[in-house]
> 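Okay, handing you the structure first.
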Amino acid sequence: MTALELTAVHHAFAGRPALDGLDLAVAAGEVVALVGLNGAGKTTALRVLTGRLRPDTGRARVHGQDPARLDPATARRFGHCVGAGLVTPDLTVTENLRTAALLHGLPRTAVDAASAAALDRLDLGPWADARARTLSAGNAQRLGIACAVVHSPAAVVLDEPTATLDPRGVVVVRTLVRSLADAGAAVLVSSHHLDEVARVADRVLVVHAGRVVGGLAPGPEMERRFFAAVLAADGGAR
Ligand SMILES: Nc1ncnc2c1ncn2[C@@H]1O[C@H](COP(=O)(O)OP(=O)(O)OP(=O)(O)O)[C@@H](O)[C@H]1O
């Protein structure tokens with residue numbers, strides 16, 4: 001079964017289309033990256049897939065279920081960080097990780113080990129006892145990601161997970177994303193960094209004007225091929 005799926009999704013904000021027949025599917029064990037210009041529809045697509053936005057028409061599925069109505073067993077296998085993460089500003093980093101682990105349904109006996117592992121994976125050890133609201137933007141982003149994956153989910157959605165990260169953080173998140181997929185998870189990320197997605201993604205999808213207009217094979221000249229795909233879509237639309 002496809003782990004993450006959007007089919008013919010349309011959505012307009014105040015009459016202005018944001019998604020215009022967007023389709024995508026992510027299988028277990030693969031990393032798929034969405035790239036696109038500002039306003040292309042990436043975040044809106046991820047909001048639909050995480051059940052935060054009900055589309056005008058079309059279908060979203062997470063392990064075969066409507067993401068707005070996941071049964072508890074399926075919800076426990078899903079992790080996402082789209083917009084504000086599952087983070088409480090007045091709790092410490094460790095308290096946030098423990099809370100996220102419990103909310104994702106981990107048994108109490110597994111919570112300490114899972115939160116310690118997530119702290120380590122996101123390189124957040126020095127800030128373990130810091131309140132979330134005191135973190136730098138990059139460390140806050142790392143914490144949002146850590147809370148999304150603390151339960152080792154089988155399907156993961158991350159919106160621009162490296163947007164505010166320093167070069168070391170980029171490597172940390174790249175390693176995390178790859179290891180989640182290598183362990184069997186389906187991972188969908190959005191990004192503006194073509195060189196970065198080329199390193200981590202199995203497939204790169206170009207989103208333009210609210211739909212997927214093509215794929216980019218990771219490799220040389222991605223920037224040129226990206227613009228060619230966007231221009232071709234614009235030309236085709238005229
Ligand atoms: N809550 C909202 N209300 C009105 N318009 C919205 C809302 N959210 C998104 N949009 C519009 O939908 C379109 C797609 O936006 P979206 O945030 O999905 O793009 P994006 O590809 O994630 O862009 P970026 O790369 O800048 O993050 C844009 O035209 C945006 O202005």
Side-chain angles (χ1 to χ4, degrees), residues 4-26 31-62 66-68 79-87 137-138 140-142 144-145 148 155-166 169-170 173-174 177 186-201 203-216 218 222-238:
L4 296 166
E5 198 167 9
L6 291 173
T7 309
V9 176
H10 289 79
H11 191 75
F13 293 104
R16 189 171 169 160
L19 298 178
D20 187 21
L22 189 137
D23 295 306
L24 63 81
V26 187
V31 178
V32 173
L34 301 182
V35 298
L37 301 175
N38 291 136
K42 303 178 297 294
T43 298
T44 305
L46 300 188
R47 288 180 64 209
V48 171
L49 192 50
T50 54
R52 289 175 164 221
L53 176 70
R54 179 148 303 271
D56 294 337
T57 60
R59 202 175 79 138
R61 288 291 180 268
V62 173
D66 178 346
H80 52 84
C81 188
V82 178
L86 189 63
V87 171
Q141 181 159 24
R142 291 186 197 208
I145 296 167
V156 183
V157 175
L158 302 174
D159 192 16
E160 294 190 43
T162 59
T164 61
L165 300 189
D166 62 23
V170 171
V173 168
R174 185 199 309 156
V177 162
V187 186
L188 178 64
V189 298
S190 70
S191 179
H192 285 122
H193 304 290
L194 295 175
D195 51 343
E196 183 52 35
V197 299
R199 289 197 171 108
V200 74
R203 292 189 293 127
V204 181
L205 303 178
V206 179
V207 177
H208 187 60
R211 63 199 167 86
V212 174
V213 298
L216 278 185
M222 281 187 79
E223 193 173 270
R224 186 190 58 73
R225 291 185 282 120
F226 168 76
F227 283 115
V230 166
L231 281 173
D234 277 343
R238 274 199 281 272

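Whatever order the structure lists them in is the order used to number ligands and atoms, beginning at 1.
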> Tell me which protein heavy atom sits closest to atom 23 (O) of ligand 1, plus the residue, atom name and distance to 0.1 Å.
Gly39 N, 2.8 Å

> Just need the protein heavy atom nearest to atom 27 (O) of ligand 1, so name the residue and atom and give the distance.
Glu160 OE2, 3.4 Å

> Could you tell me whether Gly41 and ligand 1 have an N or O pair separated by under 3.5 Å?
yes

> What protein heavy atom sits nearest atom 21 (O) of ligand 1, and how far away is it?
Lys42 NZ, 2.8 Å

> Considering only non-hydrogen protein atoms, determine which one is nearest to atom 12 (O) of ligand 1 and report residue, atom name and distance to 0.1 Å.
Ala18 CB, 3.3 Å

> Check whether any side-chain heavy atom of Leu46 lies under 4.5 Å from a side-chain heavy atom of Thr43, and answer yes or no.
no

> Under a 4.5 Å cut-off applied to non-hydrogen side-chain atoms, are Val156 and Leu188 in contact?
no

> Is any side-chain N of the basic residue among Arg142 and Asp166 closer than 4.0 Å to the acidic one's carboxylate O?
yes

> Determine, counting only non-hydrogen atoms of the protein, whether one lies under 4.0 angstrom from atom 31 (O) of ligand 1.
no

> Measure the shortest side-chain to side-chain distance between Val204 and Phe226 over non-hydrogen atoms and say whether it is less than 4.5 angstrom.
no

> Going by the closest heavy atom to atom 16 (P) of ligand 1, which one wins out of Thr44, Leu46, Asn38?
Thr44

> Below 4.0 angstrom from a heavy atom of Ala40, which ligand 1 atoms are there? Numbered from 1 as shown, please.
19 (O), 20 (P), 21 (O)

> Compute the minimum heavy-atom distance from Leu37 to ligand 1 and say whether it is under 4.0 Å.
yes

> Compare all side-chain heavy atoms of His193 with those of Val170 and state whether any distance is below 4.5 angstrom.
no

> Within the structure, does Arg16 bring an N/O atom to less than 3.5 angstrom of an N/O atom in ligand 1?
no

> Testing Arg225, Arg224, Glu223 for side chain to side chain contact (heavy atoms under 4.5 Å, CB included) with Phe227, which one passes?
Glu223

> Is the shortest N/O to N/O distance between His192 and ligand 1 below 3.5 Å?
yes

> Under 3.5 Å, N or O to N or O, is Gly36 touching ligand 1 that way?
no

> Can you find a heavy atom in the side chain of Val173 that is under 4.5 Å from one in the side chain of Leu165?
yes

> Between Glu5 and Thr7, is any pair of side-chain heavy atoms under 4.5 Å apart?
yes

> What residue and heavy atom of the protein are closest to atom 17 (O) of ligand 1, and at what distance?
Thr43 CB, 3.7 Å

> Within the structure provided, determine whether His208 and Val230 are in side-chain contact (heavy-atom separation under 4.5 Å).
yes

> How far is atom 3 (N) of ligand 1 from its nearest protein heavy atom, and which residue and atom is that?
Phe13 CD2, 3.5 Å

